[in-house]
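First comes the structure, then the notes that go with it.
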Amino acid sequence: MILLDGKLLSAQIKQEIKTEVERIASAGGKKPHLAAVLVGHNGASETYVASKIKNCEDVGFKSSLFRFDVSVSEQTLLEQIYALNHDADVDGFIVQLPLPAHISENTIMEAINPAKDVDGFHPVNVGRMCKGLPTYISATPFGVLEMFKRYDISTAGKHCVVVGRSQIVGLPMAILMQRNAYPGNCTVTICHSRTPNLKEVCRSADILVAALGRPDFITADMVKEDAVVIDVGLTRVPDATKKSGFALKGDVKFDEVAPKCSYITPVPGGVGLMTICALLNNTLLAAKGEIY
Ligand code: NAP
């Protein structure tokens, strides 16, 4: 079993990005600039945004944070988005999800200029991904693809099962794994909460991507011998032994599944770190004008 080490890979990728930022600066260019919009005080969102900002600093990006109270109106948020769309110094920006229920996530996503949508959630960027055109690929699937590449994992002709069909993880992951490219060329099955024979389907996977948000859901009896297992799940569970009061749990019961796998990601230290690198990478692409 080989551990897909997100810590090691993300350190390498961040060093590569930092080197590129230094090259741009020495050629007289400006620092890539990522802005984040954060609404309310959701603990997980606060942590994710703080981590994104810290990672920007690590690689030499400029970052800005725009905070709003949970009661902010959709109109006020839209005005902030229009301002960021027109701010020539901002190369890309994200609106941290989830948003409060009175705000339409679709309306907000569609208001973002696709050229600055470094999360890759705008319908134009999703459509470009489906057509195989240059685009910002949403960060988590992009991070997983990078893991396949850097560990030279073969994907062509494999059966890839993706558990979860969310717009930001499961669906783009499935689309990317079936495309005629590397990583890709898989036969893909997407599972969700209405899939009746989930255990059998998972057991037929050469590559199993778990993205459900249910800790320890994937057990050893659901995994084929020598499968590649990618655990996207990241759920906070109470843990009195931690200073924060919680631990992060994946969707895969790691201890019993790992011995059966050819490759597996740990949680934490796996896909989550790759996701942040993918966002940095998309911001670099935006700054260099390589997509639009
Ligand atoms: P989501 O929007 O809640 O989607 C979960 C998906 O899992 C849905 O499609 C749901 O099916 C399916 N599902 C739920 N219970 C199931 C069950 N018992 N059997 C089969 N399918 C089931 O979640 P998400 O945003 O995709 O996130 C999934 C997990 O990944 C979460 O733990 C999240 O925190 C984590 N995440 C991690 C990263 C990272 O960087 N590592 C990034 C994003 C998300 P239905 O569609 O039928 O409801």
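Residue numbers start at 1 and run along the sequence shown. Numbering of ligands and ligand atoms starts at 1, following listing order. Any value given below was found using the heavy atoms of this structure, including those in side chains, with hydrogens, waters and symmetry copies removed.
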Distance-only side-chain donor-acceptor flag, [X] / [Y], under 3.5 Å:
X	Y	result
Glu79	Gln75	yes
Asn106	Ser104	no
Asn125	Thr135	yes
His41	Glu46	yes

Please list the nearest protein heavy atom to [atom] with its residue and the distance rounded to 0.1 Å.
atom	value
atom 27 (O) of ligand 1	Val169 CG2, 4.5 Å
atom 46 (O) of ligand 1	Arg165 NE, 2.7 Å
atom 42 (C) of ligand 1	Thr140 OG1, 3.1 Å
atom 29 (C) of ligand 1	Gly213 N, 3.6 Å
atom 35 (C) of ligand 1	Val232 O, 3.5 Å
atom 21 (N) of ligand 1	His192 C, 3.1 Å
atom 48 (O) of ligand 1	Ser193 OG, 3.7 Å
atom 17 (C) of ligand 1	Leu212 CD2, 3.8 Å

Below 4.0 angstrom, N of the basic side chain to O of the carboxylate: do Lys18 and Asp58 qualify?
-> no
Are Glu20 and Arg23 close enough for a salt bridge, meaning some N to O gap below 4.0 Å?
-> yes
Which of the atoms in ligand 1, numbered in the order shown and given with their element, are less than 4.0 Å from a heavy-atom of [X]?
X	value
Phe217	18 (N), 19 (N)
Leu198	19 (N), 20 (C)
Gly272	39 (C), 40 (O), 41 (N)
Thr235	32 (O)

Where do Cys191 and Val161 land on the side-chain contact (heavy atoms from CB on, under 4.5 Å) test, with the steps shown first?
-> CA-CA 7 Å; Cys191 300; Val161 173; 3.8 Å; yes
Does ligand 1 come near enough to [X] that some N or O of the ligand is less than 3.5 Å from an N or O of the residue?
X	result
Thr275	yes
Arg214	yes
Tyr48	no
Cys191	no

Short question: side chain of Asp91, backbone of Val118 - any donor-acceptor pair under 3.5 Å?
-> no
Donor-acceptor contact below 3.5 Å, side chain Arg128 vs main chain Pro134 = yes
Output, in order, the C-alpha distance, side-chain angles, deciding distance and verdict of side-chain contact (heavy atoms from CB on, under 4.5 Å) for Glu74 and Thr107.
-> CA-CA 9 Å; Glu74 190 171 283; Thr107 303; 3.6 Å; yes
Contact bool for atom 32 (O) of ligand 1 (protein heavy atom, d < 4.0 Å) | yes
By salt bridge (charged side-chain N to carboxylate O under 4.0 Å, His left out), which residues pair with Lys62, not counting sequence neighbours?
-> Asp89
Give a yes/no on ligand 1: does Thr195 have at least one heavy atom closer than 4.0 angstrom to it?
-> no
Test item, Ala211 contacting ligand 1 (heavy atom, 4.0 angstrom) = yes
To which of Gly170, Gly233, Ser166, Ala210 does the heavy atom nearest atom 23 (O) of ligand 1 belong?
-> Ser166
With under 30° as parallel and over 60° as perpendicular, where do the rings of Tyr292 and Tyr136 fit, or are they tilted in between?
-> tilted
